[in-house]
Amino acid sequence: MGIKHAITNNASIGTNLKQAAQALQEGKLVGIPTETVYGLAANGFDPIAVAGIFEAKNRPSFNPLILHTNALERFEGWGLHLPEPMLALAQVFSPGALTYVVPQTSNLIPDLVTAGTNAVAIRIPNHPLTLALLEKLPFPVAAPSANKSGYVSPTTAAHVASQLGEEIAYILDGGACGVGVESTIVSFLNPEIELLRYGGVSLEAIEAIIGRVKLPNQGFVDNPVAPGQLAKHYATKVPLVQGIVSELINKFDASRVGVLAFKNVCAEVPIAQQLVLSPNGNLAEAAKGLFAAMRKLDEMDIDFILAEYFPNEGLGRAINDRLHRASIHA
Ligand code: TXA
Ligand code: MG
């Protein structure tokens with residue numbers, strides 16, 4: 001209309017699959033809902049489109065991307081050989097919040113997707129809108145979480161627009177993500193199956209099917225096996241400290257902190273500065289609200305965010321992992 005408006009986050013948001021598919025076909029970026037977090041999708045076979053993801057996110061090019069499609073057989077059609085133990089897990093968890101790292105044997109996948117390694121990460125996300133979109137496409141989409149590199153992952157279309165609205169052609173709005181933390185990543189590169197990232201499918205659920213798996217290093221390193229294990233990640237702008245809040249609070253000005261709690265508020269801190277993730281102590285509910293709560297606290301006029309330790313079981317492991325990496329002690 002010739003009016004230069006002041007709105008900077010100007011991607012169109014909606015549920016038009018045709019528009020989303022067309023943008024992807026044209027090599028553009030599209031925000032897509034998944035059950036874990038929103039992804040920033042591009043044609044996974046088009047190196048220029050994939051390069052656009054790295055540019056939009058300010059993502060280091062050594063950090064590889066997950067390829068997504070609507071059915072595992074399609075990856076076989078594109079030249080990947082899916083290992084037997086992977087298929088056992090896939091029967092239960094695909095579509096779902098589980099990503100498989102397998103040997104890269106396809107000549108269709110650009111080096112930028114794998115960061116030049118001999119492995120590729122694949123997932124079938126479990127979201128009806130995105131499954132319908134992926135089914136329409138003759139290629140998989142590469143899709144990292146749709147946030148600027150290092151910041152908290154998005155769990156609503158509005159979160160995506162707030163950070164990447166200017167870079168994205170279209171955001172497919174599938175509502176708030178049901179799981180709320182990223183997929184669990186499991187590597188099948190070696191005979192010993194290895195968990196690379198805690199996420200939306202619990203360790204217990206995986207081990208119930210394939211037995212013991214190798215766990216990620218407890219310490220967080222700067223030169224990780226999976227670049228997603230980079231120590232500093234998911235960070236809020238307001239410094240975050242994870243610990244036992246009732247003890248930590250003595251070291252801070254209680255009027256100037258925000259609290260990210262599992263079940264209970266902390267008596268010393270103003271109630272408006274506290275977010276309780278699950279009053280009933282349900283870890284899945286806590287995971288679902290985690291990233292939105294971190295963003296909300298990040299917008300408050302406070303000096304520190306104090307986050308509780310969550311029980312180290314089920315989805316609590318993924319929550320603790322994200323909080324640990326977000327924290328100033330990580
Ligand atoms: O739930 C999710 O996994 C979301 C949604 C959008 O699917 N995606 C996501 O992508 O979390 P991203 O890029 O934010 O995290 C993917 C992680 C990165 O830490 C990356 O290093 C790791 O997966 N990764 C990707 N390809 C890999 C590979 N070939 N080998 C080892 N790690 C890999
Ligand atoms: Mg991410």
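All residue numbers refer to positions in the sequence shown, counting from 1. Start at 1 and go down the list; that is how both ligands and their atoms are numbered. As the structure is a prediction and not an experimental result, all values here were calculated from the model.
Looking at Glu35, its side chain does come within 3.5 Å of a backbone N or O of Ala97 through a donor-acceptor pair. Ser94 places no side-chain N or O within 3.5 Å of a backbone atom of Gly96 that could act as its donor or acceptor partner.
Closest heavy-atom approach to atom 18 (C) of ligand 1 within the set Leu67, Leu65, Asn147, Asn63: this belongs to Asn63. Comparing heavy-atom distances from atom 8 (N) of ligand 1 across Ala142, Ala143, Cys177 singles out Ala143 as nearest. Nearest to atom 13 (O) of ligand 1 by heavy atom, out of Glu35, Arg59, Arg123, is Arg59. Scanning Val141, Val37, Thr117, Asn118 for the heavy atom closest to atom 4 (C) of ligand 1 points to Val37.
Nearest heavy-atom pair, Lys263 versus Asn280, reported as atom, atom and distance to 0.1 Å: CD-C, 4.5 Å. The two residues Leu24 and Ala41 make their nearest non-hydrogen contact at CD2-O, 3.6 Å. When all heavy atoms of Phe291 and Gly180 are compared, the pair lying nearest together is CD1-O, 3.1 Å. Residues Val213 and Ile210 come closest through the heavy atom pair CG1-CD1, 3.8 Å.
Interface atoms of ligand 1 facing Ala121, defined by a heavy-atom separation under 4.0 Å, are 25 (C), 26 (N), 27 (C), 29 (N). Proximity to Ala119 (heavy-atom distance under 4.0 Å) selects the following atoms of ligand 1: 29 (N). Shown in contact with His68 at under 4.0 Å from a heavy atom are these atoms of ligand 1, numbered in order with element: 5 (C), 7 (O). Within the listing of ligand 1, atoms 1 (O), 2 (C), 3 (O) sit less than 4.0 angstrom from a heavy atom of Ser183. Of all the atoms in ligand 1, the ones that sit under 4.0 Å from a non-hydrogen atom of Ser145 are 8 (N), 9 (C), 10 (O), 12 (P), 14 (O). Each of the atoms 6 (C) of ligand 1 lies under 4.0 Å from some heavy atom of Gly39.
One side chain, Asp298 or Tyr151, offers a donor N or O that lies under 3.5 Å from an acceptor on the other. Side chains of Glu182 and Ser145: no donor on one and acceptor on the other come within 3.5 Å.
For ligand 1, the polar-atom distance check finds an N/O of Arg197 within less than 3.5 Å of one of the ligand's N/O atoms.
Among the atoms of Ser145, an N, O or S atom is found under 2.8 Å from the Mg ion (ligand 2).
With a 4.0 Å cut-off on non-hydrogen atoms, Ile185 touches ligand 1 through its side chain and not its backbone.
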| request: Let me see the working for Arg123 and Thr34 under side chain to side chain donor-acceptor pair (under 3.5 Å), right down to the final yes or no. | output: CA-CA 11 Å; Arg123 177 164 104 84; Thr34 83; 3.1 Å; yes
